[in-house]
Amino acid sequence: MPEPTYTIAELAREFALTPRAIRYYEDQGLIAPARAGVQRVYTRRDRIRLKLTLRGKRLGLSLAEIRELIDMYDTAPESTQLARLLEVLARQRAKLEQQREDIEAVLAELDGFERQCRDLLEGAERPAPRKR
DNA sequence: CTTCTCACA
DNA sequence: TGTGAGAA
């Protein structure tokens, strides 16, 4: 059985990406498909790397981080790879928690403004009784 | 289908 | 982090 291969259009369809995005990932060093003349030929291995790339993206990792992890996938020993993965994940967790703090601060400020607005509105609808 | 470039968000 | 257009 020969290796199954894929065209860029096939992978684009399978992973719901544009061919352009896949070429962009290649530019960023995440995949390195072979060529048949000028056309890219993707092997099962390229397909796996693309899948790993998308998993990294779901975790919110940068393409540079994903590239580093993917490179280790076929170079560094697994223990090294897993240790590095844990570092990246810890940093990502810290980043998300910081974002959550920032969002909560803005939400609190929003609460304050809303309260002021409602107070003003109430004042207009039910004006203070005039003195007579 | 390909490369490359410029522009845009 | 991508996209779209246009040239070749």
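Letters A, B, ... mirror the listed sequences (proteins, then strands); counts begin at 1. Hydrogens, waters and symmetry mates are skipped; everything else that's a heavy atom, side chains included, is used. Just so it is clear, the structure is predicted and the values come from calculations on it, not from any experiment.
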Return yes if some donor-acceptor pair links the side-chain N/O of A:Asp71 with the main-chain N/O of A:Glu68 below 3.5 Å, else return no.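 No.
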
Say whether, by atom type as modelled, one donor and one acceptor occur between the side chain of A:Arg49 and the main chain of A:Leu30 under 3.5 angstrom.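 Yes, the answer is positive, given that a donor and an acceptor are paired below the 3.5 Å cut-off.
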
Would you compute the distance between atom CD of A:Gln92 and atom CG of A:Leu85 and round it to the nearest 0.5 angstrom?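 Between atom CD of A:Gln92 and atom CG of A:Leu85 there are 11.5 Å.
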
Rounded to the nearest 0.5 Å, what separation is found between the CG atom of A:Leu52 and the NZ atom of A:Lys57?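 Spacing of CG (A:Leu52) from NZ (A:Lys57) equals 14.0 Å.
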
Per-nucleotide protein contact along nucleotides 2-9 of chain B, 5' to 3', at a 4.0 Å heavy-atom cut-off (B base, S sugar-phosphate only, - neither), is SS-B----

Got a salt bridge between A:Arg13 and A:Glu10, using NZ or NE/NH1/NH2 to carboxylate O under 4.0 Å?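 Between A:Glu10 and A:Arg13 there is no salt bridge, as every charged N stays at least 4.0 Å from the carboxylate O atoms.
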
Lys/Arg N to Asp/Glu carboxylate O, A:Lys95 vs A:Glu65, below 4.0 Å: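 Judged by the 4.0 Å cut-off on N to carboxylate O distance, A:Lys95 and A:Glu65 do not form a salt bridge.
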
Atom-to-atom span, [atom1] of [X] to [atom2] of [N] - whole angstrom:
{"X": "A:Ile31", "N": "C:dT1", "atom1": "CD1", "atom2": "P", "value": "15 Å"}
{"X": "A:Tyr24", "N": "C:dA5", "atom1": "OH", "atom2": "C1'", "value": "18 Å"}
{"X": "A:Phe15", "N": "C:dT1", "atom1": "CZ", "atom2": "C1'", "value": "19 Å"}
{"X": "A:Glu10", "N": "B:dC1", "atom1": "CD", "atom2": "P", "value": "10 Å"}

Looking at C:dT1, I'd like to know if its phosphate oxygens (OP1 or OP2) sit under 4.0 Å from a side-chain N or O belonging to A:Tyr25.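 No, outside the criterion.
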
Counting any heavy atom closer than 4.0 Å, what does A:Thr7 reach on the DNA or RNA strands: base, sugar-phosphate only, or nothing?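 The answer is nothing, as A:Thr7 stays clear of every strand by at least 4.0 Å.
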
